[in-house]
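Down below is the structure, laid out as C-alpha cells.
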Number of protein chains: 2
Amino acid sequence: MGKNRPMDISARTDYAVRAMLSLAAAQVDRTGPVSAEAIASRQALPKKFLEAILSDLRRSGLVTSTRGNAGGYALARPAAQISLGDVFRAVDGPLAEVRGLRPHDMTYQPPADHLPTVWVAVRASLRRVLDETTLAGVLAGELPEHVVALSSAPDAWRNR
Amino acid sequence: MGKNRPMDISARTDYAVRAMLSLAAAQVDRTGPVSAEAIASRQALPKKFLEAILSDLRRSGLVTSTRGNAGGYALARPAAQISLGDVFRAVDGPLAEVRGLRPHDMTYQPPADHLPTVWVAVRASLRRVLDETTLAGVLAGELPEHVVALSSAPDAWRNR
DNA sequence: AGTAATCCGATCTGCCCTATAGGAATAGCA
DNA sequence: TGCTATTCCTATAGGGCAGATCGGATTACT
C-alpha cells in the first residue's frame, strides 16, 4: 500500500481555513485589516506560504486586501456568508474530482458503469458538509445539525 | 489558485475499484480467477500499473491470487461483504487525513479550535458513503438509500 | 523620506503519482 | 521434461506538484 495523499485535506487548505477564521474573528471584533504576519504568528503558519494562499483567496474574491502601512486582509463578506466549500474551491479547485476530471463526463465500461453515481454521491456528501458550514459557524462552534450528528456518531472519532 | 489534487479520487483508487468490480462480476459468473491482463484489456487500464495495485489489494487481504497457468485474481470474500471503503483504505491508507495526520490528535489555536469537529464530520460523511456501498451493490446498481438520495439531489450532477 | 504592508515572479527541494521494464518464481499441461 | 501463462518482486524514470522561501517592486499612510 502506497502512502498516497488522495482524499486528504492538504496543508494549503488547512492553512487557508485557519487564516479565514482569523479574519472572521477580526471581523467580529471590528478591528482593522489583519496582516499576513499577524495571522502567521498567531496560527503558527509559514508566512511566505500563507501570503501565497491569501493571494489565492483574494483573487477568488473571498478576501480584500489593503496595501501599505497598517494594511492587511479582511473578509470580503460577512463570515456567515462564507462557507468552507468556498474556501476549498478557492485554493484547491473543484471538490472531489476523479483523476482530475469531473465525476460525470467520465465513461465507464460495465461492470463499472454505476460508478459515476457513487462518485457523485461522494462529492454531494462533501458538499453537504462543506457548503453548509460557514466561517461564522465554526468560529462560534455552532455547526449545522447534520454536521454535529456526523461528528458525534459513536465511532466518528475512532481510527479505522 | 494552484491546480491541487487534494480531496480527489486518484487514478490508483479508481483503477482499484474498477478492477474489484471486474472480480466481483467474475465471482457472480462463477468463472475462475481473472488475470491482470484480462482486467487491464477489458477496463482499459495500464497493465503493469494494475499489477502493482492488485498486489496492494492482495496484501490487504481483499483478493486472493493464483500463480501459473490459468491463474489470476479473485475476491477473497463475497462481493457483498467488501465495501468501497475497504478498497480505498487498501490502496490509499486512512480516509480524509489532514496534512497527513488524523483529524483528531491535531491541535488548533482559537479561533480555529472547532475545526477538528468539522474534519471529523467530513471523514464520517465519506465513510457513510464508502463504507456502506459494497462491490455487489455497485455491480447491481443497487446502492444504499442515502447514497441514492445524495446522487439524485437536484444539483448533485452540476458543476460548481 | 520612512516604514509597513501587499504583490509578484522566480526558485528550490523532495516526494510521490503514474507508469514501465526485466526478470524470478510458480503452476498446470502436453 | 519442456512449454506456456501467470503472479511476484525489484528497480527505474519522468513529471508534476506540494510546500516553502527569497528578493524585490509597488503601494499607502504618517
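Chain letters run A, B, ... following the sequence lines, proteins first, then strands; residues in each count from 1.
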What's B/A36 touching, base or sugar-phosphate or nothing? Going by heavy atoms closer than 4.0 Å.
sugar-phosphate

Axis-to-axis angle for the helix from C/dA1-D/dT30 to C/dA30-D/dT1, ends of five pairs each, to 10°, equals 10°

Could you state the atom-to-atom distance from CG of B/D8 to C1' of D/dA18 in whole Å?
14 Å

Please list, chain by chain and in numerical order, all residues satisfying salt bridge (Lys or Arg N to Asp or Glu O under 4.0 Å) with B/R67, sequence neighbours excluded.
none

Can you tell me if A/R58 has over 12 outside heavy atoms packed within less than 6.0 Å of its CZ?
yes

Between A/Y15 and D/dG19, is there a side-chain N or O to OP1/OP2 distance below 4.0 Å?
no

Produce a footprint string for nucleotides 25-30 of chain C: one letter per nucleotide, 5' end first; B if the base is under 4.0 Å from any protein heavy atom, S if only the sugar-phosphate is, - if neither.
BBB---

Only counting residues at least two apart or in another chain, list the ones meeting side-chain contact (heavy atoms from CB on, under 4.5 Å) with B/R102.
A/N159, B/P94, B/E97, B/H104, B/D105, B/R123

Taking NZ, NE, NH1 and NH2 as the nitrogens, is one of them in B/R127 or A/D155 under 4.0 Å from a carboxylate oxygen of the other?
no

Separation between CG of B/L139 and CG of A/D113, rounded to the nearest 0.5 Å
8.5 Å

Can you see if the side chain of B/Y73 gets near the phosphate of D/dC8 - specifically, an N or O under 4.0 Å from OP1 or OP2?
yes

Can you sort out the partners of A/R128 under salt bridge (Lys or Arg N to Asp or Glu O under 4.0 Å), two or more places apart, ordered by chain and number?
none

Give each protein N/O atom lying under 3.5 Å from an N/O atom of nucleotides 9-13 of chain D, with the pair distance.
from  : atom 1 : to    : atom 2 : distance (Å)
D/dC9 : OP2    : B/R58 : NH2    : 3.1

Roughly, in whole Å, what's the span from CG in A/L50 to P in D/dA18?
17 Å

Does anything in residues 54-81 of chain A pair up under ring-ring contact (aromatic ring centres under 6.0 Å, His included), and if so which pairs, sequence neighbours excluded?
none

Let me know the distance between CZ of B/F49 and P of D/dG14, rounded to the nearest Å.
18 Å

Would you say CD of A/E142 has more than 12 non-hydrogen atoms from neighbouring residues, nucleotides or ligands within 6.0 angstrom?
no

Got a sec? Which of residues 22-31 of chain A come in under 4.0 Å of DNA chain D, heavy atoms?
none

Here the ring-ring contact (aromatic ring centres under 6.0 Å, His included) pairs for residues 135-159 of chain B, sequence neighbours left out, are none

Using atom CD1 of A/I39 as one end and atom P of C/dT6 as the other, report the distance to the nearest whole Å.
8 Å

Ignoring hydrogens and angles, state whether a donor on the side chain of A/S125 or B/S125 is under 3.5 Å from an acceptor on the partner side chain.
yes

Without decimals, in angstroms, what is the distance between B/E97 CD and C/dC16 P?
12 Å

Would you tabulate the side-chain donor-acceptor contacts of residues 28-36 of chain B under 3.5 Å, counting partners in other chains and residues two or more places apart, or write 'none'?
from  : atom 1 : to    : atom 2 : distance (Å)
B/S35 : OG     : B/A38 : N      : 3.0

Rounded distance (Å) that lies between atom C1' of D/dG19 and atom CG of A/D92
13 Å

For A/L54 and C/dC8, give me the distance from atom CG to atom C1', rounded to whole Å.
15 Å

For residues 14-25 of chain B, dump all side-chain donor-acceptor pairs below 3.5 Å to protein atoms at least two apart in sequence or in another chain.
from  : atom 1 : to     : atom 2 : distance (Å)
B/D14 : OD1    : A/Y108 : OH     : 2.7
B/D14 : OD2    : A/R99  : NH1    : 3.3
B/D14 : OD2    : B/R18  : NH1    : 2.9
B/R18 : NE     : B/Q43  : OE1    : 3.1
B/R18 : NH2    : B/Q43  : O      : 2.8
B/S22 : OG     : B/R18  : O      : 3.4

Could you tell me whether the side chain of B/H114 reaches within less than 4.5 Å of the side chain of A/L143, counting heavy atoms only?
no

Starting from P on D/dA5, measure out to NZ on B/K47 and report it in whole angstrom.
11 Å

Just jot down the salt bridge (Lys or Arg N to Asp or Glu O under 4.0 Å) partners of B/D86, sequence neighbours excluded, or say none.
B/R77

